[in-house]
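Quick notes on the structure that follows.
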Amino acid sequence: MHIKRLEIDNFKSFANKTEIPFLEGFTAIGGINGSGKSNIIDSILFALGLASARTMRSEKGVADLISTHNQRNEAYVKVVFDLDDEIGTEISFSRRVKKTPSGYSSTYAINDKIQTQTQVHSELEKYQITPNGYNIIMQGDVVELVNCSSIERRKRIDDIA
Amino acid sequence: MHIKRLEIDNFKSFANKTEIPFLEGFTAIGGINGSGKSNIIDSILFALGLASARTMRSEKGVADLISTHNQRNEAYVKVVFDLDDEIGTEISFSRRVKKTPSGYSSTYAINDKIQTQTQVHSELEKYQITPNGYNIIMQGDVVELVNCSSIERRKRIDDIA
Amino acid sequence: KKETFLKAFHEVNRHFSEIFTELTDGVGKLVLENPENPFLGGLTVEGQQKDKKKQKLAGMSGGEKTLMALSLVFAFQRYMPSPFYALDEVDAALDGFNVERISKMIATQSKLTQFVVISQRSQMFDRADRMIGVTQMGKGITKISGIKLQNSENSAENNQNPDK
Amino acid sequence: KKETFLKAFHEVNRHFSEIFTELTDGVGKLVLENPENPFLGGLTVEGQQKDKKKQKLAGMSGGEKTLMALSLVFAFQRYMPSPFYALDEVDAALDGFNVERISKMIATQSKLTQFVVISQRSQMFDRADRMIGVTQMGKGITKISGIKLQNSENSAENNQNPDK
Ligand SMILES: Nc1ncnc2c1ncn2[C@@H]1O[C@H](COP(=O)(O)OP(=O)(O)OP(=O)(O)O)[C@@H](O)[C@H]1O
Ligand SMILES: Nc1ncnc2c1ncn2[C@@H]1O[C@H](COP(=O)(O)OP(=O)(O)OP(=O)(O)O)[C@@H](O)[C@H]1O
Ligand SMILES: [Mg+2]
Ligand SMILES: [Mg+2]
């Protein structure tokens, strides 16, 4: 299984609908400071429900995840996976957050069919993608692993054992 | 005033007597990971008594500052400054730590005349070199300033006000 | 569940030692501060770079600590494999030669699994299959500026990043 | 001593804003969380990069946060000047262009004061007056390998670091 495509719309610094194709193997991403590289990682975490808003550097919950560049009040990300079977079956996970009169709504979907976050997590788990996994290493995580206490470091093994 | 020369003997990764000349202006230091670049900074902090052994990454006090490469039980560093007067007057600050039957001794000197750490600090203060200053920025200090709490950050202004 | 912990610990340790040696030609291992009662102590790392004496994490250089931590991250990844990996600037403290070693390891692993790696270091891009350029249009709006296919080391001149 | 604090704060803030603008062409300032009772609140930073919206520290990118912190460090240095400065790998999170900007600022300041700067980034070395090479002889013993005088940008080929 591999990521085939990212669709990012009005999420953080992605002011308008952006499609990023991905291929198997080794993809490197480069660009100046503040251009949006880490935000691409955040968009994957967002769509798959793998991290809190705070982990995505948003101090005010999901509100700060909506792009400030437009007057639109929603953000949407879809991750499309290729299941690597003979016929190139796809499975997509998407999420939309929207401003509502009472706050914000967060709606998940698998293959465009609405699901709960719990359902999304249990589906992802079948493919070995989990919130406390080590497949997504964010900027600063390595330094944290160096600087944390030895007790904290051991607890990471507790968590994955 | 500027650093004219460093003499480092048996300190950390400097197994034998090493002299490093310095000139005014902009000196850049490069080399592979673990070669000893940060240890040069540590040697200056050591000689001027500006940091604890722990700050110099020594877990067991001054013991870990002595080079493990030789059987010698002492470490010595001298920092020679040029006072930038017309005649190029020098002033040197040095320090020796030595294993003793009861632990370790630490001996400071100014121009090779033995002084206490307090005397060294008060002499350095005349030249605006102080332990809580920002003239020596160690590896990781910038990240610490980013990650610390806002209260911690404000306290840094308390300390220098 | 001490047994579950120790089973995981030993497997992670095995991966860690292999990876550390591949990256440094040295010898490294994870150390439980309290082996009989793991939950009463922490976890630290001991490494011995090629030709150097054994050292604990605290005394290592910035780059050596990063190599330790990265070896641990990669060990966790081999313990619980995933269909894709995303690494965001894990090479910040490494010298150019060590960035190359990490890049080589990723290139090898990427034959089986998808890797997406963000970096500011030219040596990381040298072995990538392709590069995605991320730029800012006015006002900080992200623009994906292009996807360059590479045949190792010859797309450097196309790139506008001065590190290349 | 609220007055002493505020006096220092305003002077550091003045330096900070100047330095931040010199480094980014943007606008930045230090912000007291509790301006009337500074000791009851903390200190944060607000920056507005060229053409971007105003943002607080938490939402910035890794490199933007480093530029903020470096501007603050340089502001502290201008508040309490010293005869020499030593900076150990302060540019780890910066892109190549920003490393150049820091290098330029150091080069300018170094006409008056001695700077010793450790870096793994080629752009930092481009404007240095000289470079000291630090290597390991066998067994991890440090050897100072040479001091190259530079006339801006022409000693890069002499250097064994692959970043150059
Ligand atoms: N809701 C939002 N609306 C508009 N812009 C945003 C929003 N949230 C974050 N940003 C912008 O995104 C930028 C950060 O992007 P990102 O962290 O992806 O940069 P980066 O390419 O990883 O940079 P670096 O190399 O410094 O790590 C910030 O400048 C920030 O202002
Ligand atoms: N007492 C000691 N005796 C011998 N070697 C020591 C001693 N203390 C520290 N070292 C060695 O010094 C090395 C670290 O040096 P230093 O931190 O200066 O490296 P560096 O050049 O700054 O590397 P980096 O680029 O990774 O930051 C370590 O490998 C450590 O083993
Ligand atoms: Mg980033
Ligand atoms: Mg170092």
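By convention in this document, chain letters (A, B, ...) are assigned in the order of the sequence lines, proteins followed by strands, and residues within each chain are numbered from 1.
Counting heavy-atom pairs closer than 4.5 Å to chain D, the top residue among Ala161(B), Gly25(B), Ala15(B) is Gly25(B). Listed options Glu19(B), Lys37(B), Glu24(B) were ranked by heavy-atom pairs under 4.5 angstrom with chain D; first place goes to Lys37(B).
Closest non-hydrogen pair, Arg154(B) versus Leu32(D), comes out as CG-CD2, 4.2 Å.
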Determine all donor-acceptor pairs shorter than 3.5 Å in which one atom belongs to a side chain in residues 2-10 of chain D; sequence neighbours excluded.
unit_1: Lys2(D); atom_1: NZ; unit_2: Glu36(D); atom_2: O; d: 2.7
unit_1: Thr4(D); atom_1: OG1; unit_2: Lys1(D); atom_2: NZ; d: 3.0

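At a heavy-atom separation below 4.5 angstrom, chain D is approached by Gly133(B), Tyr134(B), Asn135(B), Ile136(B), Ile137(B), Met138(B), Gln139(B), Val142(B), Leu145(B), Val146(B), Ser150(B), Ile151(B) within residues 133-152 of chain B. Among residues 52-69 of chain B, the residues having any heavy atom closer than 4.5 Å to a heavy atom of chain D are, in sequence order, His69(B).
With a threshold of 4.5 angstrom between heavy atoms, Ile3(B) approaches chain D through its backbone and through its side chain. Interface residue Ile160(B): backbone and side-chain heavy atoms are both found under 4.5 Å from chain D. Contacts of Met124(D) with chain B are made by both backbone and side-chain atoms, with heavy-atom separations under 4.5 Å. Contacts of Ser38(B) with chain D are made by both backbone and side-chain atoms, with heavy-atom separations under 4.5 Å. Contact of Leu23(B) with chain D is made through backbone and side chain together, with heavy-atom distances under 4.5 Å.
Between the side chain of Asp129(D) and the backbone N or O of Thr27(B), no donor-acceptor pair lies under 3.5 Å. Thr142(D) places a side-chain N or O within 3.5 Å of a backbone atom of Ser35(B) that can act as its donor or acceptor partner.
Counting heavy atoms from C-beta outward, Ile144(D) and Ile40(B) have side chains that approach closer than 4.5 Å.
The ring pair (Phe, Tyr, Trp, His ring centres under 6.0 Å) search around Phe46(B) returns Phe11(B), not counting sequence neighbours.
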